[in-house]
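Comments concern the structure below.
Residue numbers start from 1 in every chain, and the chains themselves are labelled A, B, ... in the order their sequence lines are given, proteins ahead of strands. Source: prediction; values computed, not measured.
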Amino acid sequence: MRNGQIAAGLREIADLLEMTEDNVFRIRAYRRAAEAVESLAEPVAAILARDPKGVAGIGAGISEHIQELEATGTTQLAVDLHQQFPESVVALLRVPGMGPKLAARVYRELGVSSVAELEAVAIDGRLAGLSRVGTKSAANILRNITAFKEHGARMPLGEAWSRVTSVMAALNAAGGVRRLTVAGSARRYQDTVGDLDLVGVAEEPLAVMDVLVNLPEVERVLGQGPTKSSVILSGGRQLDLRLVEPEDYGSLLQHFTGSKQHNILLREYAVARGLKISEYGIEDVATGVTRRFETEEAFYTALGLQFIPVELRQGRDEIRLAAKHGLPTLIEPDDILGDLHLHTDWSDGGATIEQMVRAARDRGYRYMAISDHSGGLGVAHGLTPERLRAQRAAIREVAARYPEIRVFAASEVDIRADGAMDFPDEVLAELDLVIGSIHSAMSQSSEEATARLIRAIENPHVDIIGHPSTRLIGGRSGMEFDRQAVFAAAARAGTAMEVNANPARLDLRDADARLALEAGVKLTIDTDAHAVDQLSLMEFGVRTARRGGARRQDVWNAAPVEEIVGWLSR
DNA sequence: GCCGTTTTCGGCCCGACTGTTTTCAGTCG
């Protein structure tokens with residue numbers, strides 16, 4: 001069973017307990033456990049089998065529920081709770097404005113057990129007729145049902161950044177903005193983003209808010225005030241802008257960056273030291289004095305902590321490490337010296353070899369790899385061995401004119417269903433660098449996929465496994481495989497695992513990158529660019545690797561070219 | 001239900017907003 005399914009099972013228990021008005025701390029324990037499970041790259045049951053105390057937030061009780069979920073797909077507790085509230089009632093909680101208390105009441109008092117029925121009672125007035133529910137609440141819920149049906153899903157990271165930077169550019173251009181930063185999950189470079197958040201300082205906040213609500217991409221204004229405005233952008237995405245006093249900027253930015261779990265742990269850490277954190281600063285409980293913070297650096301320093309990079313604010317072990325000043329020095333975007341996964345118009349790319357070489361050189365790269373598809377990928381105009389040789393000659397010819405950048409003649413070679421490579425060994429041997437990637441037969445069992453990946457990893461010609469899970473964010477969930485076994489094989493073989501920087505992939509994902517690094521695997525961070533302007537996607541890959549805890553020395557394409565050559569000739 | 005370089009029992013993050021209320025519960029981030 002996938003960790004995501006286990007987490008969903010625990011969340012369902014939490015939702016049901018909440019409707020029965022169980023102990024709030026017990027409910028929170030289930031939610032915390034669900035989040036903990038979700039952040040693991042390895043199946044939670046495997047970790048617990050090795051070490052019963054191996055996952056913070058999971059004790060004896062929840063551990064048993066996890067075993068039940070693994071064995072039967074459900075838990076006795078959930079079955080019992082469903083006597084009171086059927087499964088469909090839990091779905092009501094996904095409508096914004098519907099909490100557990102209200103969901104329980106509409107079911108008990110109105111017999112509503114689905115979103116469709118909720119919509120009906122919101123329209124016919126029965127919802128507004130409940131005590132402590134008025135016409136405004138009912139209308140709000142109805143509006144949220146409509147919005148929920150239109151765009152329930154979170155947006156991919158790339159979309160979030162393109163939307164929020166466009167708004168930021170407009171606000172900055174209008175003048176009067178002194179500071180402006182993206183907050184929330186976009187700032188943490190989480191792979192999907194719900195709402196967009198901006199935190200800023202302005203000389204005349206009201207004027208800036210006016211600019212915001214009148215932007216052409218603003219579809220609807222939810223609220224407008226001097227400190228906070230909320231708008232719906234075209235496409236239905238919500239954006240909140242908060243403008244604060246300069247002396248509160250650090251505190252507020254920290255608060256609205258999250259993650260929620262990071263902030264909860266940080267507040268617990270503070271409470272244990274006689275301090276109380278809120279978005280307005282840090283209060284010394286004994287004296288009642290609240291310190292305000294202009295920068296996040298000062299905020300973390302005041303807690304006796306090393307500054308915690310936004311990518312690590314996941315509510316894992318970062319506070320404990322920061323207290324010991326033991327956080328890793330993460331790789332920086334400027335550390336990247338090359339891009340080892342690039343396509344041209346020889347296969348399915350849009351640019352010529354020369355255009356890609358110039359673009360990489362203009363980014364200041366010292367090396368790059370041209371890695372067009374192998375022949376088996378007919379849809380991507382994959383190269384035959386003959387065309388591959390012709391392309392290599394063309395690459396050498398272009399490269400001779402750009403001595404400032406080393407151009408590796410490579411290929412992204414399809415890994416067939418049985419783990420064999422799409423080119424014979426003698427063809428692979430001619431290449432400077434080989435990326436093995438899966439593009440077909442993605443519905444294999446975990447056992448098949450594991451064996452397939454390991455066979456490719458152990459092929460001595462294969463240097464990198466490209467987008468290892470094949471997931472597409474918002475599309476397919478990616479292949480299941482045994483992370484431990486695959487990463488152990490990669491560490492033994494010296495085969496790198498790619499963090500594909502395309503925001504539709506981000507694959508390895510953050511937690512998998514962490515697991516790979518713990519297994520001793522080195523990463524590459526590549527854009528897989530099919531056009532010149534996609535070289536700039538590198539930042540998303542670096543941020544994802546940072547979320548996995550990657551340092552410069554963990555990433556091949558942050559190493560000088562001599563080291564790359566040494567690795568490739570291993 | 002979980003957890004402990006103050007605790008194995010007694011705690012568990014914090015505040016804003018909204019709507020429905022004569023003092024606050026529920027929801028959200």
Side-chain angles (χ1 to χ4, degrees), chain A residues 10-11 13-15 17-19 21-37 52-66 75 77 92-106 127-141 143-144 183-188 193-197 199 222-223 225 227-230 238-240 242 244 248 251-252 254-283 285 290 303-304 315 319-320 323-324:
Chain A
L10 296 175
R11 277 209 182 89
I13 293 174
D15 287 339
L17 288 173
E18 210 160 14
M19 283 192 277
E21 306 194 32
D22 205 279
N23 179 301
V24 291
F25 299 110
R26 183 179 176 216
I27 294 163
R28 204 171 79 186
Y30 279 98
R31 291 203 193 287
R32 277 192 183 199
E35 283 187 32
V37 169
K53 291 182 175 299
V55 183
I58 296 180
I62 291 180
S63 194
E64 244 173 70
H65 289 314
I66 290 173
T75 60
L77 179 56
L92 297 179
L93 299 174
R94 292 209 301 271
V95 176
M98 284 295 292
K101 301 289 190 315
L102 191 52
R105 289 185 58 209
V106 296
L127 179 60
L130 289 178
S131 74
R132 297 197 62 84
V133 180
T135 50
K136 282 192 170 181
S137 296
N140 184 42
I141 285 166
R143 202 165 48 238
N144 288 337
S185 50
R187 181 169 182 236
R188 301 195 313 275
V193 175
D195 294 342
L196 301 167
D197 295 294
V199 176
L222 298 176
T227 61
K228 178 185 172 183
S229 294
S230 296
Q238 182 169 340
L239 180 141
D240 295 342
R242 288 185 178 76
V244 305
D248 291 326
S251 305
L252 269 292
Q254 195 286 327
H255 174 74
F256 287 113
T257 295
S259 65
K260 181 187 172 83
Q261 191 59 24
H262 173 79
N263 284 352
I264 288 174
L265 294 179
L266 201 61
R267 285 164 183 209
E268 288 176 358
Y269 172 89
V271 166
R273 284 154 187 80
L275 304 170
K276 193 172 84 170
I277 298 176
S278 78
E279 53 260 61
Y280 302 110
I282 304 173
E283 180 188 333
V285 176
T290 298
L303 291 168
I319 293 168
R320 190 172 53 75
K324 295 189 302 185

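For the pair R31(A) CZ and dC13(B) C1', the interatomic distance rounds to 16 Å; values are reported in whole Å. Atom-to-atom, CD1 of I264(A) to C1' of dG11(B) comes out at 16 Å; the value is rounded to the nearest Å. The distance between atom CG of N23(A) and atom P of dG10(B), rounded to the nearest whole Å, is 15 Å. Residue H65(A) contributes atom NE2, which lies 6 Å from atom P of dG1(B) at whole-angstrom precision. For the pair F25(A) CZ and dC9(B) C1', the computed distance is 14 Å after rounding to whole Å. With rounding to whole Å, E268(A) atom CD is found 11 Å from dG4(B) atom P. The interatomic distance linking L275(A) (CG) with dC13(B) (C1') rounds to 13 Å, in whole Å. Atom CZ of R320(A) and atom C1' of dC3(B) are 15 Å apart (whole Å).
Between Q254(A) and T257(A) the shortest side-chain heavy-atom distance does not fall below 4.5 Å.
In this structure, the separation between CZ on R28(A) and CG on N23(A) is 10.5 Å, given to the nearest 0.5 Å. Here the CG atom belonging to L10(A) is positioned 11.5 Å from the CD atom belonging to E35(A), to the nearest 0.5 angstrom.
Rounded to the nearest Å, the gap between the P atom of dG19(B) and that of dT8(B) is 46 Å. Comparing the C1' positions of dC14(B) and dC9(B) gives a spacing of 25 Å, expressed to the nearest Å. dT27(B) and dT20(B) are spaced 14 Å apart, taking the C1' atom of each and rounding to whole Å. With both ends at atom C1', the span from dT18(B) to dT23(B) equals 15 Å, rounded to whole Å. Taking atom P in both dA16(B) and dT7(B), the straight-line distance is 34 Å, to the nearest Å. Using C1' as the reference atom, dG1(B) and dT5(B) are 24 Å apart when rounded to the nearest Å. dG11(B) and dC17(B) have their P atoms separated by 31 Å, given to the nearest Å. With both ends at atom C1', the span from dG10(B) to dG15(B) equals 25 Å, rounded to whole Å.
Regarding contacts with the backbone of dC3(B), every side-chain N or O of K53(A) stays at 4.0 angstrom or more from both OP1 and OP2. At the phosphate of dC13(B), neither OP1 nor OP2 sits under 4.0 Å from any side-chain N or O atom of Y269(A). Within the structure, a side-chain polar atom (N or O) of R32(A) is placed less than 4.0 Å from OP1 or OP2 of dC13(B).
Of the two residues contacting DNA chain B, namely V271(A) and T227(A), the nearest-nucleotide position lying further toward the 5' end is that of V271(A). Sequence order on DNA chain B of the closest nucleotides to N263(A) and G59(A) puts G59(A) first from the 5' end.
Here the side chain of N140(A) pairs no donor or acceptor atom with the backbone of K136(A) at under 3.5 angstrom. Between the side chain of R105(A) and the main chain of K101(A), no donor-acceptor pair closer than 3.5 Å is present. Panel note: side chain N263(A), backbone H255(A); a donor-acceptor pair is recorded below 3.5 Å.
Comparing atom distances between the I62(A) side chain and each of dC2(B), dA16(B), dC14(B) picks out dC2(B) as nearest. Set against dC13(B), dG1(B), dC14(B), the side chain of Y30(A) has dG1(B) as its closest nucleotide. The side chain of A29(A) lies closest to dG1(B), out of dC13(B), dG15(B), dG1(B).
Nucleic acid contact class of A270(A) (heavy atoms, under 4.0 Å, all strands): none. As judged by a 4.0 angstrom heavy-atom cut-off over every strand, K276(A) is placed among residues touching the sugar-phosphate backbone only. Among the atoms of the strands shown, none is found under 4.0 Å from any heavy atom of A33(A). When heavy atoms are screened at a 4.0 angstrom cut-off, I277(A) is found touching the sugar-phosphate backbone but no base atom.
For dT7(B), the glycosidic angle deviates from 0 by 90° or less, giving a syn base.
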Exercise. Starting at the 5' end of nucleotides 20-29 of chain B, put B wherever the base has a protein heavy atom under 4.0 Å, S where only the sugar-phosphate does, and a dash everywhere else.
Key: SS---SSSSB

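Look at dG10(B): its Watson-Crick or wobble partner, with both distances under 3.5 angstrom, is dC3(B).
Here R32(A) pairs with E268(A) in a salt bridge; the nearest charged N to carboxylate O distance falls below 4.0 Å. Salt-bridge check for R31(A) with E18(A): passed, with a basic side-chain N closer than 4.0 Å to an acidic carboxylate O.
Under a cutoff of 6.0 Å and an axis angle of 45°, R273(A) and Y269(A) form a cation-pi pair.
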